[in-house]
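Accompanying notes for the structure given below.
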Amino acid sequence: MTRFLLATTFLAAAAVAGGQANAAAQCAPRADIIKALGDKFHESEAGRGLINPNVVLEIFVSDQGSWTVLASDTKGQSCILSVGEGWDSPSITAALPGA
């Protein structure tokens, strides 16, 4: 919950600084979000995949297990879709039905 509040606070500050009216969307320039993920949470990109030709889904994780999922568009804008803690690829795979 603390990570979510910190991410929301960062995005609200970025939205105000950028003159955007809707901070609730949790979107900001991709470069700003990635810098904050690295500086505050020590997260780096772990993987990505195309949602459609204009949007990429990106997953950032840290060695401490925090994670963030972004949707980034071709114009350099990213939106935080989800954040959490306890990232552990082997246990997530094992918990899926049929794995």
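Bear in mind the structure is a predicted one, so any value in this text is a computation, not a measurement.
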Do Q77 and S72 pass the side-chain contact (heavy atoms from CB on, under 4.5 Å) test, and can you show the C-alpha distance, the side-chain angles, and the key distance before you say yes or no?
-> CA-CA 6 Å; Q77 188 80 356; S72 299; over 6 Å; no

Taking a hydrophobic cluster as the set of Ile, Leu, Val, Met, Phe, Trp and Tyr residues connected by side-chain heavy atoms closer than 4.5 Å, whether directly or through intermediates, do V69 and W87 fall within one such cluster?
-> yes

Under a single-linkage definition using a 4.5 Å side-chain heavy-atom cutoff for Ile, Leu, Val, Met, Phe, Trp and Tyr, are L81 and V55 assigned to the same hydrophobic cluster?
->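 L81 and V55: one cluster.
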
Taking side-chain hydrogen bond (donor to acceptor under 3.5 Å, both in side chains) as the test, write out the residues that go with D39, two or more places apart.
-> K35

Residue pairs, two or more places apart or on separate chains, that pass salt bridge (charged side-chain N to carboxylate O under 4.0 Å, His left out) and touch residues 49-62 | R30-E58

Qualifying salt bridge (charged side-chain N to carboxylate O under 4.0 Å, His left out) pairs with a residue from residues 61-76, counting only residues at least two apart or across chains |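 Qualifying pairs: none.
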
Non-hydrogen atoms of W67 and E85 that approach each other most closely =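 Taking every non-hydrogen atom into account, NE1-N, 3.5 Å.
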
State, to 0.1 Å, how close P53 and T74 come at their nearest heavy-atom pair, and which atoms those are.
-> O-CG2, 4.0 Å

Any chance you could measure [X], atom [atom1], to [Y], atom [atom2], to the nearest 0.5 Å?
X: N52; Y: L57; atom1: CG; atom2: CG; result: 11.0 Å
X: H42; Y: F60; atom1: NE2; atom2: CZ; result: 15.5 Å
X: I34; Y: S78; atom1: CD1; atom2: OG; result: 6.0 Å

For the pair V83 and F41, evaluate side-chain contact (heavy atoms from CB on, under 4.5 Å) and give the outcome as yes or no after the intermediate values.
-> CA-CA 11 Å; V83 299; F41 306 110; over 6 Å; no

Candidate pair T68 and I59, rule side-chain contact (heavy atoms from CB on, under 4.5 Å), full reasoning = CA-CA 6 Å; T68 303; I59 300 172; over 6 Å; no

Residue among L70, I33, I80 satisfying side-chain contact (heavy atoms from CB on, under 4.5 Å) with Q26 |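 In the set L70, I33, I80, the residue that makes a side-chain contact (heavy atoms from CB on, under 4.5 Å) with Q26 is I80.
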
